[in-house]
Amino acid sequence: MIQVEHLQKSYKSSRGFWGRSRQDVLTDVSFHLNDGDCLGIVGESGSGKSTLSRILLGLEAYDGGSIRIDGLPHHKWIKQNKGKFSVVFQDYRTSVNPNWTIRQIVEEPLRMLHGGEQKQKQTSNESLIAELMERVQLPMEYLDKYPHELSGGQLQRICIARALTTRPRYLILDEAISSLDVSVQSQILTLLKELQADFQLTYLFIAHDLQAVAYLCNRLAFLRDGVILEELDCNHYTCAKSEYVNQLVSSVLPFESGFTRTREGLTS
Ligand SMILES: Nc1ncnc2c1ncn2[C@@H]1O[C@H](COP(=O)(O)OP(=O)(O)OP(=O)(O)O)[C@@H](O)[C@H]1O
Ligand SMILES: [Mg+2]
């Protein structure tokens with residue numbers, strides 16, 4: 001279980017006197033993530049969603065507050081659980097090396113994790129990669145291709161396979177479907193739902209699309225002005241207290257989607 005309490009993060013800003021002021025991005029962010037959860041994080045562009053992801057992945061330091069995983073301080077847990085926190089980014093083209101084969105791309109986290117021992121693990125890696133290629137529904141021949149030979153949806157499937165090679169427990173999906181066209185988005189959402197069950201994953205799903213969030217997530221948090229403005233159970237959108245959240249939720253209601261299951265409550 002992940003517990004985030006009063007998290008703060010600011011960046012140096014070029015604005016202000018002598019350009020020395022700081023921009024507060026996260027001022028007081030608190031939430032928890034239970035094992036097996038899919039928590040959706042929704043927020044306007046620039047609200048700090050990716051900053052929060054980088055902090056959770058251990059790629060960036062935070063200024064205040066605390067993060068604990070299974071009761072351990074975040075940095076300690078990350079050190080003891082290499083590869084157990086993984087990520088899929090929005091921009092699948094720039095998140096892969098265009099000069100590498102798909103095999104090299106998928107194997108990269110294993111090389112980073114096992115380093116010199118890599119050779120001895122070759123056989124087990126091969127079966128793991130075959131399993132992952134099957135799970136993301138791509139033939140093994142694709143391993144010899146290069147990124148430019150794949151469609152957007154195929155390449156994002158490869159990024160998902162790559163994120164799973166280290167058998168993570170937590171997977172951050174940072175706008176992972178936003179750059180795909182609508183029909184591919186729904187295929188990837190279905191795949192993510194299956195993978196969550198099969199690999200017992202806990203997701204942090206960052207998205208702008210409330211309908212996608214409603215389909216995949218069981219809880220939803222709205223990030224605004226540096227805080228979690230409100231957290232909702234995905235089956236009870238009606239319970240939103242803030243005007244901002246109510247407006248966002250109502251704006252997607254006319255569409256058919258995963259929201260169907262929440263509509264009853266909303267229209268009653
Ligand atoms: N390394 C950095 N240095 C300075 N400022 C940064 C840095 N990274 C992010 N920021 C600033 O922090 C704020 C939040 O950025 P972030 O990328 O986390 O937003 P976001 O919610 O992910 O936005 P989007 O929905 O557009 O992806 C932005 O104003 C951004 O300019
Ligand atoms: Mg972002």
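Ligands are counted one by one from 1 in listed order, and the atoms in each one are counted from 1 as well.
The side chain of Val25, and not its backbone, has at least one atom closer than 4.0 Å to an atom of ligand 1 (non-hydrogen atoms only; side chain from C-beta on). For Glu175, every heavy-atom contact with ligand 1 shorter than 4.0 Å involves the side chain, none the backbone. Using a 4.0 Å cut-off between heavy atoms, Arg22 makes no contact with ligand 1 at all.
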Evaluate the side-chain contact (heavy atoms from CB on, under 4.5 Å) criterion for residues Leu180 and Ile188: first the C-alpha distance (whole Å), next the side-chain angles of each, then the deciding distance (0.1 Å), finally the verdict. CA-CA 9 Å; Leu180 302 166; Ile188 299 284; 3.7 Å; yes

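In the vicinity of Ser47, heavy-atom distances shorter than 4.0 Å reach the ligand 1 atoms 19 (O), 21 (O). Numbered from 1 in the order shown, with element, the atoms of ligand 1 that lie under 4.0 Å from a heavy atom of Glu44 read 21 (O). Proximity to His208 (heavy-atom distance under 4.0 Å) selects the following atoms of ligand 1: 25 (O).
Per-atom contact check: atom 9 (C) of ligand 1 touches the protein, criterion being a heavy-atom distance below 4.0 Å.
Of all protein heavy atoms, the one lying nearest to atom 1 (N) of ligand 1 is Tyr11 CE2, 3.7 Å.
Glu230 places a side-chain N or O within 3.5 Å of a backbone atom of Ser242 that can act as its donor or acceptor partner.
Residue contacts with ligand 1 include Gln23, since one of its heavy atoms falls under 4.0 Å from the ligand. In this structure, Glu60 falls outside the shell of residues with a heavy atom less than 4.0 angstrom from ligand 1.
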